[in-house]
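First up is the structure itself, then whatever we jot down about it.
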Amino acid sequence: PGIEACEAIVSRIKSGEAYSLPVVVEYTEQSVDRFEQSQQTQVDVVPIESEQLNETLSVEDRTSHQIRVVVRKKVDAIDSPDVAAFKLLVRQLFQRVNNYDASDGRVKVWECDMESKSIPDKKTLAESLLCVSSVMLRVEVEAP
């Protein structure tokens with residue numbers, strides 16, 4: 001179910017067409033190096049934690065998954081127009097996945113939180129000219 005949840009989020013992000021920057025979206029099992037340099041806008045969907053919800057007496061209940069969507073882009077300067085476009089992109093991605101409910105009803109985003117730091121992280125932007133931000137999701141997958 002965790003892989004299904006991540007793949008549903010990747011598909012949801014890829015299906016958006018009005019982003020301010022072109023994006024490359026990938027699902028990865030490994031943790032993401034937030035400081036890895038990328039000339040293109042990189043969006044990684046990473047599972048953090050999964051748990052079985054024991055709500056009924058059936059053999060399988062739905063599952064809950066914590067998923068982080070990490071967005072990063074290398075820029076040329078702190079005052080680059082790409083920084084403003086990055087901020088808009090993060091907002092667009094947030095809106096795209098917030099309250100998402102798959103058409104078959106199996107995958108649903110229950111919580112969607114922006115990282116509490118500034119968007120992008122100002123320290124990372126100043127030190128390495130890298131825009132980095134993330135969105136945390138709590139996604140539930142219905143039992144088959």
Side-chain angles (χ1 to χ4, degrees), residues 1-55 60-144:
I3 294 171
E4 181 181 358
C6 288
E7 288 176 348
I9 298 301
V10 167
S11 294
R12 177 69 176 171
I13 293 170
K14 283 184 175 180
S15 68
E17 297 176 356
Y19 298 129
S20 61
L21 294 170
V23 297
V24 173
V25 185
E26 295 179 351
Y27 159 66
T28 181
E29 281 285 335
Q30 289 85 25
S31 61
V32 172
D33 179 3
R34 296 167 55 101
F35 303 105
E36 182 180 329
Q37 303 288 330
S38 178
Q39 293 302 320
Q40 58 193 2
T41 307
Q42 180 71 37
V43 179
D44 294 298
V45 177
V46 184
I48 304 299
E49 183 177 90
S50 295
E51 69 176 300
Q52 180 74 40
L53 301 175
N54 297 316
E55 302 171 321
E60 262 192 85
D61 283 321
R62 56 192 170 136
T63 55
S64 179
H65 309 272
Q66 294 289 329
I67 298 172
R68 176 176 285 127
V69 178
V70 180
V71 187
R72 60 186 191 274
K73 169 141 180 61
K74 177 82 170 143
V75 294
D76 297 327
I78 293 175
D79 57 353
S80 168
D82 282 345
V83 175
F86 180 85
K87 290 178 183 181
L88 178 58
L89 172 67
V90 172
R91 185 71 187 145
Q92 290 170 325
L93 290 173
F94 176 86
Q95 291 172 343
R96 186 88 183 129
V97 297
N98 190 25
N99 295 320
Y100 171 62
D101 192 355
S103 59
D104 62 1
R106 279 193 39 87
V107 177
K108 180 166 178 57
V109 174
W110 285 91
E111 292 177 23
C112 187
D113 295 317
M114 297 290 267
E115 189 174 61
S116 59
K117 297 179 185 176
S118 58
I119 300 171
D121 183 328
K122 291 180 181 173
K123 182 179 178 186
T124 306
L125 179 60
E127 290 176 356
S128 57
L129 295 177
L130 185 65
C131 291
V132 178
S133 188
S134 67
V135 177
M136 286 296 295
L137 305 173
R138 186 174 68 85
V139 179
E140 291 188 4
V141 179
E142 291 293 328

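Model, not experiment: these values are computed from the prediction.
Considering only residues two or more places apart in sequence or on other chains, S15 meets the side chain to side chain donor-acceptor pair (under 3.5 Å) condition with R96. By the side chain to side chain donor-acceptor pair (under 3.5 Å) test, Y100 is found to be paired with no residue, residues two or more places apart in sequence or in another chain being considered. Residues satisfying the side chain to side chain donor-acceptor pair (under 3.5 Å) test with E4, not counting sequence neighbours, are R106. By the salt bridge (charged side-chain N to carboxylate O under 4.0 Å, His left out) test, E142 pairs with no residue at all, sequence neighbours left out. With sequence neighbours excluded, the residues that form a side chain to side chain contact (heavy atoms under 4.5 Å, CB included) with E7 are I3. For T63, the side chain to side chain donor-acceptor pair (under 3.5 Å) partners two or more places apart in sequence, or in a different chain, are H65. For E127, the side chain to side chain contact (heavy atoms under 4.5 Å, CB included) test picks out K123, with sequence neighbours left out.
For the side-chain contact (heavy atoms from CB on, under 4.5 Å) with C131, the qualifying choice from V83, D82, T124, T41 is V83, the only one to do so.
A heavy-atom distance below 4.5 Å is not found between the side chains of V71 and V132. Between S64 and W110 the shortest side-chain heavy-atom distance does not fall below 4.5 Å. Counting heavy atoms from C-beta outward, I78 and L125 have side chains that approach closer than 4.5 Å. For the pair V135/R68, no side-chain contact is recorded, criterion being any heavy-atom separation below 4.5 Å from C-beta on. Between K73 and Q40, every side-chain heavy-atom pair lies at or beyond the 4.5 Å cut-off.
Using a 4.0 Å cut-off between charged nitrogen and carboxylate oxygen, R72 and D44 count as a salt-bridge pair.
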Requested in this report: Check the pair V75, L130 against side chain to side chain contact (heavy atoms under 4.5 Å, CB included), reporting the backbone distance first and the verdict last.
Outcome: CA-CA 6 Å; V75 294; L130 185 65; over 6 Å; no

**Report entry** Working for side chain to side chain contact (heavy atoms under 4.5 Å, CB included), residues S133 and F86
**Finding:** CA-CA 9 Å; S133 188; F86 180 85; 4.0 Å; yes

Report task. Go through I13 and V69 one step at a time and tell me if the side chain to side chain contact (heavy atoms under 4.5 Å, CB included) criterion holds. Result -> CA-CA 10 Å; I13 293 170; V69 178; 4.1 Å; yes

Query raised in the report: Can V45 and I67 be said to form a side chain to side chain contact (heavy atoms under 4.5 Å, CB included), step by step?
Result: CA-CA 7 Å; V45 177; I67 298 172; 3.6 Å; yes

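If you take CG on D113 and CE on M136, they are separated by 8.0 Å, rounding to the nearest 0.5 Å. Note: K14 NZ to I9 CD1 = 13.5 Å, rounded to the nearest 0.5 Å. The distance from the CZ atom of R138 to the CD atom of E111 is 4.5 Å, given to the nearest 0.5 Å. Rounding to the nearest 0.5 Å places CZ of R62 at 11.0 Å from CD of E51. Here the straight-line distance linking atom CG of N98 with atom CZ of R12 works out to 10.0 Å at 0.5 Å rounding.
Of the possible donor and acceptor atoms, one in the side chain of Q52 sits under 3.5 Å from a partner among the backbone N and O of D61. Side chain of K74 to main chain of S128: a donor-acceptor pair is present (N/O by atom type, distance under 3.5 Å, no hydrogens or angles).
Counted within 6.0 Å of CG on D104, heavy atoms from surrounding residues, nucleotides or ligands total more than 12; the atom is thus considered enclosed.
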Anything under 3.5 Å between a donor and an acceptor, one on a side chain of residues 87-95, the other on a protein residue two or more places apart or in another chain? List them.
from : atom 1 : to  : atom 2 : distance (Å)
Q92  : OE1    : S20 : N      : 2.8
Q92  : NE2    : A18 : O      : 3.1

